[in-house]
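Here is how names work: the chains are called A, B, and so on, in the same order as the sequence lines, proteins then strands, and each is numbered from 1.
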Amino acid sequence: MLDIARIRNNPGEVRNALKKRLIDIDFTELLDWDATRRSLITRLEEMKAKRNKGSGEIPLLKKNGVDVTSLVGEMKALGYDIQILEDELKAVEEKIQDFMGGLPNIPANDVMAGGKENNQVARVFGEKPEFSFQPKHHVDLVTSLGLIDYERGVKIGGSGFWVYTGDGALLEWALLNYFIEEHIRDGYCFMLPPHILNWQSGYTAGQFPKFEEDVFRIEGSEEGKMQFILPTAETALINYHRNEILNEEDLPKKYFAYSPCYRKEAGSYRAEERGMIRGHQFNKVEMFQYTTPEQSETALEELVGKAERLVQGLGLHHQVSKLAAQDVGAGMGKTYDIEIWIPSMNIYKEVSSCSNAYDYQARRGNIRYRRKDTKKNEYLHTLNASGLATSRVLPAIVEQFQQEDGSVTVPEVLRKWVGKDRLRSIR
RNA sequence: GGAGAAGUAUCGAAGUGGUUAUAACGGCCCCGACUCGAAAUCGGGUUGCCCUGGAAGGGGCACGAGGGUUCGAAUCCCUCCUUCUCCGCCA
């Protein structure tokens, strides 16, 4: 949610900033509603003040034996007029709410305008691995090594699902353990949230109402009580402090959560994304911070740094991209992606998205903090960063660390959990 | 799933149709007095949001949420939510 006062005071500035996302929004109608709303409120409050005064006088007059019939009649008529204006006000406020709720966040000043093609590579780690043999695709590797069972995953869940088996499950779990261990060491609080969330949670995160089609709805949930399976733990973590006022001295609050992420990904399958690059369910550890406005820029750098170190610890070649405005999610103001090299696809794929939402989500969820100096309540800033999603890390590991004999070297940091330094074919 | 009870400020809690949401009373917290200092005691302060205004100020709304009745609702009625107790079922 944007601040309507900002639009009221600088409609041109906001419109231009949103143009970086390649959308053009005319605020004329909105500002019209806004003016109507405020004049209605003023008139209503005058009438209500009158009613309050009249209602206070009635018992006094009665006590003194004065006939109040005409005054009561007057108040009754006033009450009727108030009702009419209140209905009008409600209608215009709904329109404003709908309009505002549909607006995306304003990209930060230093974010490039335009689409994906304008994403900028900020940093690169390592180099593309060179193979002295014909490298294999991760689907072939994980299948022959017995790490993933795609066929039975589809049989029991449907297209877009797979089963981690044996060493594959061990490797997957080792990644999660590795991430968790790092975050705990950095002082982040470990959270295991519910996987089913209510509509308001989706709204606060900025996913609803626009992206309701992208999540799995729970069948049978009634209108107004819609529930869905979380597409990312971010949705749970942003709502953890919904409708709360935090103390400034408690900020920044640093959380991380593990959850599977469930996404419809309707229509986004492509031949080159076979395997586990894009599924309906994948595991992810998500970092999240609630900060003061002053802290949020630093916090974003911290989160990106943490995510990068995780990938570096695995020894995987990757790059960090600063996304252009159109590629930044609707609720976010600035985003860095960490993209990992997938040799078979000859492409870098996102394993972490680190974003600053500024006060956008806080406004939607009414999350504030009390400033120590002014004692005033202000919207805080929220940030999220994957740390990390595993579904592309595992393919990168098997592809980047594959050997000529079809075996795969286990990254050093994972060995204590996997229990071996090399994964070999089961056949 | 069934029966019952309850939701008022930071917490406990009073208030069951009117001139007290300036939300009694108490706790916490903050400031001050007393004190060498502290405890105790005494005095004072302490909800949020919105509209208007340059400001000072003025006004409105909110008693779990949303409707209704009424000139007037924390108080009466309806729907929903949450919590607690008991029963049932159960990983």
Side-chain angles (χ1 to χ4, degrees), chain A residues 1-9 30-101 192-204 218 220-228 236 239-251 253 359 361-380:
Chain A
M1 185 77 67
L2 300 181
D3 182 1
I4 195 165
R6 185 166 171 191
I7 299 175
R8 191 187 299 145
N9 298 330
L30 174 73
L31 293 176
D32 220 46
W33 295 333
D34 180 50
T36 305
R37 168 177 174 268
R38 288 189 294 156
S39 94
L40 278 173
I41 287 175
T42 307
R43 280 164 62 199
L44 261 171
E45 289 185 353
E46 279 167 12
M47 291 160 83
K48 283 181 179 174
K50 201 170 158 191
R51 180 176 68 182
N52 287 344
K53 194 159 164 271
S55 299
E57 280 168 2
I58 287 172
L60 288 174
L61 293 173
K62 265 190 184 168
K63 204 181 257 180
N64 294 330
V66 182
D67 178 34
V68 292
T69 318
S70 73
L71 182 56
V72 167
E74 215 178 290
M75 289 299 114
K76 188 167 190 163
L78 184 61
Y80 183 73
D81 292 342
I82 288 175
Q83 189 62 52
I84 291 171
L85 285 197
E86 283 202 318
D87 290 346
E88 267 181 59
L89 179 64
K90 201 173 163 187
V92 76
E93 285 189 329
E94 243 167 61
K95 284 196 265 190
I96 292 172
Q97 183 65 30
D98 286 352
F99 190 99
M100 293 299 293
L192 289 170
H195 294 182
I196 294 178
L197 303 175
N198 55 29
W199 192 88
Q200 184 60 45
S201 293
Y203 180 83
T204 298
I218 301 295
S221 49
E222 298 161 41
E223 189 59 36
K225 295 201 264 185
M226 178 270 207
Q227 289 180 304
F228 62 100
N239 282 280
Y240 188 66
H241 288 299
R242 188 171 75 208
N243 283 324
E244 291 183 22
I245 300 172
L246 307 178
N247 291 318
E248 183 174 357
E249 51 267 36
D250 294 335
L251 300 178
K253 276 190 178 289
D359 63 357
Q361 291 179 318
R363 283 179 186 279
R364 292 176 87 94
N366 192 29
I367 312 169
R368 292 166 292 169
Y369 75 105
R370 179 179 286 268
R371 283 196 85 97
K372 232 179 165 179
D373 48 358
T374 60
K375 297 269 172 68
K376 292 284 178 199
N377 297 328
E378 282 184 21
Y379 292 109
L380 44 72

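- Nucleotide B:A3: paired with B:U85 (Watson-Crick or G-U wobble, both distances less than 3.5 Å).
- In this structure, the side chains of A:Y379 and A:N366 come closer than 4.5 Å at one or more pairs of heavy atoms.
- Here A:N377 reaches the OP1 or OP2 of B:C49: one of its side-chain N or O atoms lies under 4.0 Å away.
- Across all their heavy atoms, A:I367 and A:N243 have their closest contact at CG1-N, 4.2 Å.
- A:K90 has a side-chain polar atom (N or O) that falls below the 4.0 Å cut-off from OP1 or OP2 of B:G67.
- Whole-Å rounding puts the A:R368 CZ to B:C49 C1' distance at 7 Å.
- In this structure B:U70 sits in the anti conformation; its chi angle is more than 90° from 0.
- B:C71: Watson-Crick or G-U partner is B:G18, with both key distances under 3.5 Å.
- A straight line from CZ of A:R51 to C1' of B:G72 spans 8 Å, rounded to a whole angstrom.
- For the pair A:I245 and A:K50, nearest-nucleotide mapping onto RNA chain B gives the more 5' position to A:I245.
- In the interface, the side chain of A:K48 is not paired with the base of B:G59 through any donor and acceptor atom under 3.5 Å apart.
- Per the geometry, CE belonging to A:M47 stands 16 Å off C1' belonging to B:G72, to the nearest Å.
- Legend: residues meeting side-chain contact (heavy atoms from CB on, under 4.5 Å) with A:R371, ordered by chain and number and at least two apart, are A:E248, A:E294, A:Y369, A:D373, A:T374, A:E378.
- Residues forming a side-chain contact (heavy atoms from CB on, under 4.5 Å) with A:N377 (at least two apart in sequence, or on another chain): A:I245, A:R368, A:R370.
- Look at NZ on A:K62: it is 14 Å from P on B:G17, rounded to the nearest Å.
- The distance between atom CD of A:E86 and atom P of B:C51, rounded to the nearest whole Å, is 16 Å.
- Here, B:G7 and B:U22 have their P atoms 22 Å apart, quoted to the whole Å.
- A:R43 comes within 4.0 angstrom of nothing in the nucleic acid, heavy atoms only.
- A:L380 is listed as a side-chain neighbour of A:L246, based on a closest heavy-atom distance under 4.5 Å.
- Looking at heavy-atom distances under 4.0 Å, A:I58 makes contact with a base.
- Whole-Å rounding puts the A:E45 CD to B:G53 P distance at 12 Å.
- Mapping A:L71 and A:L44 onto RNA chain B via the closest heavy atom, the residue that lands nearer the 5' end is A:L44.
- Using the Watson-Crick or G-U wobble rule with both distances under 3.5 Å, B:C42 pairs with B:G32.
- Of all nucleotides present, only B:A65 satisfies the Watson-Crick or G-U wobble test against B:U79, with each distance under 3.5 Å.
- Regarding A:Q200, its CD atom lies at a distance of 14 Å from the C1' atom of B:C81, rounded to whole Å.
- The distance from atom CE of A:M1 to atom C1' of B:C49 is 15 Å, rounded to the nearest whole Å.
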